[in-house]
Colleague: 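Let me give you the structure first, and then I'll get to my questions.
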Amino acid sequence: RLHDLYQQLASRKLRLNVFGLPETLLPALIDTPVWELGCLWLEEEAGGPDYPVAFWAAHKHSGQYSPLFCGLDDAWLHSHETYRAMLLQIMRRARSIGMQTLHLGMDAELEKRRFGAETVPTCIYAQARDHYAGALLREIVAEVATRAVAAK
C-alpha cells in the first residue's frame, strides 16, 4: 500500500524530478535503525478508510530528522488536506524523539512556511561527461523559438 501511495505522488509530481522506487526499499528501511516510516490514517468516524492515506520515510541522525520521500492518496489529498496533516505529524514526531533540526526538503514552500519553516538557499553543481543530450535540447529550444518569431 505504501509503495502505491508513493507511485501516486511520483506520477503527478512534475516540479521535481521524482523517480520510481523499488518495491523492496520500504521493507529494507524498516529493518534499518536510522530510518523510520510514519503513516497517516484518517479516523473512521471522519469517513476515513481502513488503510493509511499518507506516509513518509525519514532519516534520523545526530539530532536531525530528514523526511526523504513520502506518498499521498490522491482520493483524500484535497478533501482532508492530508499533506498538511502529514507535515504536522512529521513535526510532532521529530519533536517527540528529541530532534533539534527538521529538514523538510524542497517544494511546497508555502505549506511548510505555514508551520514556521525557513527557506535555505541551496546550490547543486553537476558535471556531465556527455553533453550530447544538452546540446540537442538547446537545438530544439532554438528551433521552436525561431519558428515562434517567424510566425509573428
Colleague: Determine whether Met91 and Trp41 fall in the same hydrophobic cluster, where Ile, Leu, Val, Met, Phe, Trp and Tyr are linked whenever their side-chain heavy atoms lie under 4.5 Å apart.
Modeller: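 No, it is not one cluster - the side chains of Met91 and Trp41 are not joined through contacts under 4.5 Å.
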Colleague: Establish whether Ile30 and Val34 are linked, either directly or via other cluster members, by ILVMFWY side-chain heavy-atom contacts under 4.5 Å.
Modeller: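 Linked, Ile30 and Val34 end up in one cluster.
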Colleague: For a 4.5 angstrom cut-off between non-hydrogen side-chain atoms, does Leu2 reach Tyr6?
Modeller: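 When only atoms from C-beta onward are counted, Tyr6 and Leu2 do not touch, as no gap falls below 4.5 Å.
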Colleague: If you look at every heavy atom in Thr24 and Pro27, which pair is closest and at what distance?
Modeller: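 Shortest heavy-atom separation between Thr24 and Pro27 comes out as O-CD, 3.4 Å.
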Colleague: Can you tell me how far apart CZ (Arg84) and CG (Leu87) are? Round to the nearest 0.5 Å.
Modeller: 9.0 Å
Colleague: Minimum heavy-atom separation for Leu42 and Gly48, please, with both atom names.
Modeller: CB-CA, 3.7 Å
Colleague: Inspect the surroundings of CD in Gln7 and state if more than 12 heavy atoms from other residues, nucleotides or ligands are less than 6.0 Å away.
Modeller: yes
Colleague: Is any side-chain heavy atom of Met86 closer than 4.5 Å to one of Ile90?
Modeller: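 With C-beta onward as the side chain, the pair touches.
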Colleague: Any idea which heavy atoms bring Leu5 and Ala54 closest together, and the distance?
Modeller: CD1-N, 3.9 Å
Colleague: So do the side chains of Leu26 and Phe55 get within less than 4.5 Å of each other, counting heavy atoms only?
Modeller: yes
Colleague: With the side chain counted from C-beta on, respond yes when Leu102 and Pro67 share a heavy-atom pair under 4.5 Å apart, and no when they do not.
Modeller: yes
Colleague: Where do Ala57 and Leu37 come nearest, in terms of heavy atoms and distance?
Modeller: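 Minimum heavy-atom separation between Ala57 and Leu37: CB-CD2, 3.4 Å.
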Colleague: Please check this pair: side chain of Gln100 against backbone of Gly98, looking for a donor-acceptor N/O pair closer than 3.5 Å.
Modeller: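 Checking the backbone N and O of Gly98 against the side chain of Gln100, a donor-acceptor pair under 3.5 Å is found.
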Colleague: Would one find more than 12 heavy atoms of other residues, nucleotides or ligands at under 6.0 Å from atom CZ of Arg1?
Modeller: yes
Colleague: Do Trp56 and Phe69 have side-chain heavy atoms sitting under 4.5 Å apart?
Modeller: no
Colleague: Under a plain distance cut-off of 3.5 Å, with no hydrogens placed, do Glu36 and Tyr65 share a side-chain donor-acceptor pair?
Modeller: yes
Colleague: Tell me whether the rings of His80 and Trp76 are parallel (<30°), tilted (30 to 60°) or perpendicular (>60°).
Modeller: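 Perpendicular, since the angle between the ring planes exceeds 60°.
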Colleague: Any side-chain heavy atom of Lys60 within less than 4.5 Å of one from Met99?
Modeller: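 Yes, at least one pair of side-chain atoms sits under 4.5 Å.
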Colleague: Checking Thr82 side chain against His78 main chain: does a donor-acceptor pair fall under 3.5 Å?
Modeller: no
Colleague: Would you check if His59 and Leu68 make a side-chain contact, meaning some heavy-atom pair closer than 4.5 Å?
Modeller: no
